[in-house]
Amino acid sequence: METRYSAADIEAKWQQQWLELGLDQTPAKNDQPKFYALSMFPYPSGKLHMGHVRNYVITDVIARYKRMKGFRVLHPMGWDAFGLPAENAAIDRGIPPAKWTYQNIEQMRDQLKQLGLSIDWDREVATCSPDYYKWTQWLFLQFYKGGLAYQKEAAVNWDPIDQTVLANEQVDAEGKSWRSGAIVEKKLLRQWFLKITDYAEELLQDLDKLGGWPERVKTMQQNWIGKSSGAHLEFPIVDSDEKIAVFTTRPDTIYGVTYVVLAPEHPLVAKVTTAKQKATVDAFIEEVSKESEQDRTADDKPKKGVLTGGTVINPANGEEVPILIANYVLYEYGTGAVMGVPAHDARDFKFAEENNLPRKVVILPDDADNSDICLLEAYTDAGTMINSNRFNGMSSVKGKSAVIRYAESEGFGEERIQYRLRDWLISRQRYWGCPIPMIYCDDCGVVPVPEENLPVILPEEVEFSARGGSPLAQMDGWKNVDCPCCNKPARRETDTMDTFIDSSWYFLRYTDAKNEEKPFNLDDANDWMGVDQYVGGIEHAILHLLYSRFFTKVVRDRKLVGIDEPFKRLLTQGMVQALTYKNTNTNKYIPIDQIDPEDPQDPETGDPLTGFYEKMSKSKYNGVDPALVLDKYGADTARMFILFKAPPEKDLEWDDADVEGQFRFLNRIWNLVSGCDLSVVKKSSGELSKDEKDLRRAVHTAIKEIQEDLEGDYQFNTAIAELMKLSNALKDAKCVTSPVYIGGIEILLLLLAPFAPHLADELWQSLGHTQSIHTVSFPKLDESALKVDEITLVIQIMGKTRGTIEVPAGSSKEDLEKFARESEAAQRYIEGQEIRKIIVVPNKLVNFVIAK
RNA sequence: GCGGACGUGGCGGAAUUGGUAUACGCGCUAGAUUUAGGUUCUAGUGUCUUUACGGCGUGAGAGUUCGAGUCUCUCCGUCCGCACCA
């Protein structure tokens with residue numbers, strides 16, 4: 001068999017064979033250990049991109065390896081199929097969202113299959129299909145029953161382009177929508193929320209259980225949850241029964257309060273404002289409301305504020321201090337009011353300075369000797385309390401709890417834990433999403449749809465005319481329904497759920513994907529969960545991963561599953577980047593085919609261009625279409641390249657020359673194995689020659705290294721390097737008629753099987769095997785084969801390598817020293833020198849320390 | 001500003017507990033095969049000089065050690081996340 005390697009022929013053939021053999025199906029429960037390998041499911045945009053390819057190939061190698069290691073593996077795939085692009089396509093092209101989505105799924109499923117992924121397609125789910133979203137709705141009702149779903153009139157993040165509401169997590173630091181990029185506006189609407197804040201503490205604490213997660217993802221979640229502990233303190237308003245509550249992490253500075261500030265939106269503002277100040281206050285509120293979120297939170301923005309004319313009593317010392325409103329106090333955080341301690345808080349300091357408010361020093365640095373210090377900036381560190389009545393002389397660290405206890409005994413405050421995390425706003429004024437199963441009745445109020453009436457079907461034949469509100473709100477036939485309680489005419493909720501809800505439980509559905517009675521059965525979920533390896537992009541570090549953790553804890557508390565955390569190990573794969581050329585004067589990207597790579601110039605202006613590696617995208621003209629790569633080289637080459645080029649968590653720089661390199665490597669393997677002549681193989685003659693021993697060692701070294709690379713941190717790049725070394729060793733081997741050689745060839749194919757599954761099976765068959773290589777166990781490491789007769793001993797003088805000698809393996813320290821001392825390299829340097837010390841590291845080196 | 005990660009040839013990247021720095025690949029150079037190009041194969045490829053039994057070399061500088069890419073400290077740089085959170 002001396003034909004050329006043709007990926008196109010063999011890949012289609014083996015994909016068909018595997019399908020017929022059912023190799024990718026999930027085994028029923030048996031006594032094998034389980035392994036759940038999961039990739040984040042894609043949005044069915046219609047076209048596979050390189051980021052997908054990388055994601056799914058990584059998971060596939062892990063799944064295939066684990067199967068060879070004797071695990072029963074669950075490796076499913078599905079579609080995160082609700083979402084806005086389908087509506088946009090409907091508007092732009094007149095295709096109904098459902099039709100567009102299902103077409104895209106067909107297309108992308110075919111593309112995924114071409115990659116040779118060992119996915120159990122019998123468990124495929126699509127979040128937009130009624131048999132899936134029935135259970136999304138059912139789960140929502142569970143939340144509702146558990147008091148974890150509620151409605152609230154709220155100032156929400158309104159995306160003026162997509163015409164919908166966004167969760168806080170979906171608005172970036174500049175106040176822009178994560179999807180449309182539009183500046184988000186504030187709007188008051190009655191919306192559904194999920195009470196994720198009930199789980200804030202557990203979501204934070206359980207990060208410690210996630211040993212297999214990248215540190216940075218955990219840090220990001222920790223910051224997002226934003227726990228801080230301090231005190232809730234109440235300042236009585238003068239001439240009123242009401243009090244202003246503040247949250248502070250520094251109760252020890254309460255004697256330094258020189259004013260109190262309310263957020264402009266705070267409801268007490270109207271009550272405390274005096275007639276004299278009313279015009280000023282109203283003007284200020286007007287001014288602040290005109291500012292965009294971005295302006296208001298800008299870094300170097302001045303802290304503006306005005307007096308309300310009202311005053312409060314400092315409950316610790318009875319002093320009367322003014323109430324102000326200021327733009328830097330956020331209504332959404334804490335109580336929407338702060339106590340102003342300019343001497344010991346950087347923001348208050350700046351604000352007081354700009355608005356001529358007094359300062360009062362109450363914490364003295366430990367190294368200062370008097371209290372008259374002139375502050376140039378706020379002193380925010382710990383120190384000794386002064387000007388604080390009964391607390392004078394106490395360290396400020398102790399003072400925190402002492403002041404809290406005092407506040408409790410005097411009834412003006414208590415200890416308080418505050419989180420930055422807000423409840424999850426899930427209402428979306430969109431059509432293509434999961435309907436919220438709620439009904440509004442004039443008599444009965446808000447009524448949940450009875451479980452037996454689920455799913456609330458999303459009508460699929462809809463007309464889209466232009467961007468704007470959801471068509472559901474206009475579909476009277478759908479909207480009008482009888483109240484399940486009193487049978488009188490009522491109305492359905494026309495908002496749909498945030499699509500992040502759909503993806504917060506799909507990993508549970510895979511464990512029992514066809515269940516028509518419930519979302520999933522407890523035994524199956526407990527058998528497969530948690531996910532042993534989850535793979536996906538870092539962009540989901542907060543949103544999807546936090547929501548999924550929240551959902552898991554809620555369904556656990558509803559006794560639907562018995563685990564605390566959904567994902568045991570998380571691998572965040574790096575981006576796939578490609579070379580882009582940008583004109584730094586005009587900030588325009590130039591397509592690569594218009595450029596001479598030797599001398600990159602802007603074809604229009606003639607400016608020299610700079611090249612960088614950036615994430616592949618249409619707007620940068622640097623995308624590489626996976627379909628073209630598959631056509632030219634085949635799936636095995638694409639897989640090998642992606643795995644070899646960089647470690648999985650690092651960004652990967654696409655490079656056609658390196659793709660060629662992998663293609664060459666697969667061709668070398670093809671030629672190596674096709675060139676094998678089985679007829680000349682001799683019977684084992686017992687004792688191995690040196691060549692045979694060396695080859696056998698190379699083979700087992702490869703087994704050892706690849707196994708370690710796949711067990712630990714998934715170092716696919718070094719695993720492939722080991723495959724190359726083994727293939728080089730086999731190519732150079734002289735003993736081609738030895739059983740060691742042909743055994744080595746077989747092991748090479750077995751080691752290659754998870755990476756290049758089609759080529760490995762084809763060559764395996766060519767060696768006369770009738771069973772697919774993917775049903776064979778991973779080669780067993782024979783430690784004895786790694787033993788060497790001779791080792792290379794490094795001779796060092798004063799820690800510098802001066803030569804090497806070959807010595808028998810396992811020599812004693814004394815012998816090693818003797819060999820080293822007699823070596824030519826050592827002799828040159830120790831001749832006539834006084835040897836101070838000799839360090840012998842067994843099997844490694846001998847170092848002579850000589851008198852200088 | 002706060003938090004995290006990282007810095008190794010021309011390039012992507014390797015290096016158990018501190019023990020021969022640059023594995024593997026790309027690129028490049030030379031040669032062989034080929035009508036030619038491509039493919040394939042062989043050899044070479046950190047750097048400097050006085051080409052050696054040599055010097056220098058893992059962002060910079062110091063330290064610990066017989067010995068440091070690896071450990072400690074200081075500094076520089078890049079990337080990422082958060083950012084008025086009281």
Side-chain angles (χ1 to χ4, degrees), chain A residues 4 172-174 214-224 226-228 230-231 246-250 253 261 263 296-301 303 326-330 332-341 345-348 350-351 418-422 538 541-542 613 640-641 644-647 649-665 667-668 671 705 708 715 717-728 731 792-804 824-825 827-829 836-850:
Chain A
R4 283 176 59 101
D172 69 13
E174 278 118 46
E215 232 17 78
R216 64 177 184 142
V217 174
K218 290 196 274 184
T219 309
M220 282 162 75
Q221 293 214 351
Q222 192 179 331
N223 291 342
W224 187 262
K227 179 180 182 175
S228 55
V246 303
F247 172 73
T248 178
T249 54
R250 292 296 303 272
T253 62
V261 196
R296 221 180 133 173
T297 56
D299 203 4
D300 47 358
K301 186 184 81 78
K303 300 191 187 313
N327 58 356
Y328 78 98
V329 175
L330 307 174
E332 300 82 41
Y333 185 76
T335 59
V338 299
M339 60 183 210
V341 187
D345 181 280
R347 294 153 304 182
D348 294 344
K350 206 175 157 203
F351 180 67
Q418 187 70 43
Y419 299 92
R420 203 183 81 113
L421 184 70
R422 306 262 69 90
I538 186 76
I542 296 174
Y613 278 92
M640 293 288 283
F641 163 76
F644 179 67
K645 178 78 182 177
E649 67 283 357
K650 280 194 70 168
D651 289 345
L652 179 152
E653 295 173 3
W654 189 270
D655 180 354
D656 290 331
D658 284 320
V659 181
E660 291 275 358
Q662 283 306 315
F663 185 62
R664 284 205 291 268
F665 173 56
N667 272 287
R668 283 202 295 274
N671 295 332
E705 296 295 327
E708 282 173 6
Q715 308 259 23
N717 55 333
T718 52
I720 290 176
E722 291 299 328
L723 285 172
M724 290 170 168
K725 282 189 209 170
L726 176 56
S727 130
N728 291 343
K731 195 180 63 189
T792 304
L793 186 71
V794 174
I795 312 292
Q796 292 189 339
I797 312 293
M798 303 294 282
K800 278 197 162 66
T801 301
R802 294 300 181 181
T804 60
E824 202 200 330
Q827 282 298 318
R828 277 202 306 275
Y829 286 89
R836 279 269 185 79
K837 198 173 167 186
I838 300 174
I839 287 124
V840 181
V841 182
N843 284 320
K844 280 254 165 68
L845 63 83
V846 175
N847 184 13
F848 294 92
V849 185
I850 55 180

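So you know, we letter chains A, B, ... as the sequences are listed, proteins then strands, and number each from 1.
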If you check the [X] side chain, which of [options] turns out closest?
| X | options | value |
| --- | --- | --- |
| A:R668 | B:C26, B:C41, B:G55 | B:C41 |
| A:R828 | B:C53, B:A86, B:C82 | B:C53 |
| A:D655 | B:C26, B:A14, B:U20 | B:C26 |
| A:V338 | B:U20, B:A86, B:A14 | B:A86 |
| A:R802 | B:A14, B:G55, B:G81 | B:G55 |
| A:T248 | B:A86, B:A14, B:G25 | B:A86 |
| A:K731 | B:U42, B:G25, B:G54 | B:U42 |

Short heteroatom pairs, N/O only, protein and nucleotides 65-67 of chain B, under 3.5 Å:
unit_1: B:C66; atom_1: O2; unit_2: A:N847; atom_2: ND2; d: 2.3

Comparing nearest nucleotides in RNA chain B, the 5'-proximal residue of the pair A:E215, A:Y829 is A:E215
Comparing A:F247 with A:R216, nearest RNA chain B nucleotide closer to 5' gives the residue A:R216
Just N and O in the side chain of [X]: are any of them under 4.0 Å from OP1 or OP2 of [N]?
| X | N | result |
| --- | --- | --- |
| A:T219 | B:C82 | no |
| A:R4 | B:U39 | no |
| A:N717 | B:A14 | yes |
| A:N728 | B:G25 | yes |

**Message:** Just to be sure I understand the rule, does A:T792 reach a base, reach only the sugar-phosphate, or reach nothing, if contact means heavy atoms closer than 4.0 Å?
**Reply:** base
What's A:P214 touching, base or sugar-phosphate or nothing? Going by heavy atoms closer than 4.0 Å.
nothing
Once side-chain hydrogen bond (donor to acceptor under 3.5 Å, both in side chains) is applied, do any residues pair with [X], and if so which ones, sequence neighbours excluded?
| X | result |
| --- | --- |
| A:S727 | none |
| A:T792 | A:E806 |
| A:D348 | A:Y328 |

Listed by chain and number, what are the side-chain contact (heavy atoms from CB on, under 4.5 Å) partners of [X], not counting sequence neighbours?
| X | answer |
| --- | --- |
| A:Y829 | A:I797, A:R802 |
| A:Y613 | A:Q577, A:L579, A:E653 |
| A:M724 | A:F644, A:Q662, A:F665, A:I720 |
| A:Q222 | A:L204, A:L207 |

Can you check whether [X] reaches [Y] side chain to side chain, under 4.5 Å on heavy atoms?
| X | Y | result |
| --- | --- | --- |
| A:E660 | A:F641 | no |
| A:V849 | A:M798 | yes |
| A:T253 | A:M339 | yes |

What N/O pairs connect the protein and nucleotides 27-29 of chain B at under 3.5 Å? Give each pair on its own line.
unit_1: B:G27; atom_1: OP2; unit_2: A:R664; atom_2: NH2; d: 3.3

I need the [atom1]-[atom2] distance between [X] and [N], as an integer number of Å.
| X | N | atom1 | atom2 | result |
| --- | --- | --- | --- | --- |
| A:Q662 | B:G13 | CD | P | 15 Å |
| A:K350 | B:G1 | NZ | C1' | 12 Å |
| A:E332 | B:A83 | CD | C1' | 15 Å |
| A:W224 | B:A83 | CH2 | C1' | 11 Å |
| A:I542 | B:C80 | CD1 | P | 16 Å |

Any chance CD of A:E649 has more than 12 other-residue heavy atoms, nucleotides or ligands included, within less than 6.0 Å? yes
With syn meaning chi within 90° of zero and anything else anti, the base of B:C56 is anti
Classified by glycosidic angle (syn within 90° of 0, else anti), B:G77 comes out anti
Each base of RNA chain B marked ( ) or [ ] if paired in-strand (Watson-Crick or G-U under 3.5 Å), | if paired to another strand and . if unpaired gives (((((((..(((......[....)))((((((.......))))))((((..).)))..(((((..]....))))))))))))....
Query raised in the report: Counting N and O atoms only, with roles assigned by atom type, does the side chain of A:Q715 sit under 3.5 Å from a partner on the main chain of A:P647, one being a donor and the other an acceptor?
Result: no
- Under 3.5 Å: donor-acceptor pair, side chain of A:R668, backbone of A:K731: no
Would you tabulate the nitrogen or oxygen pairs shorter than 3.5 Å linking the protein to nucleotides 8-12 of chain B?
unit_1: B:G12; atom_1: O2'; unit_2: A:K645; atom_2: O; d: 2.7

Residues at least two apart in sequence or cross-chain that pass salt bridge (charged side-chain N to carboxylate O under 4.0 Å, His left out) with A:K725, listed by chain then number, are A:E722
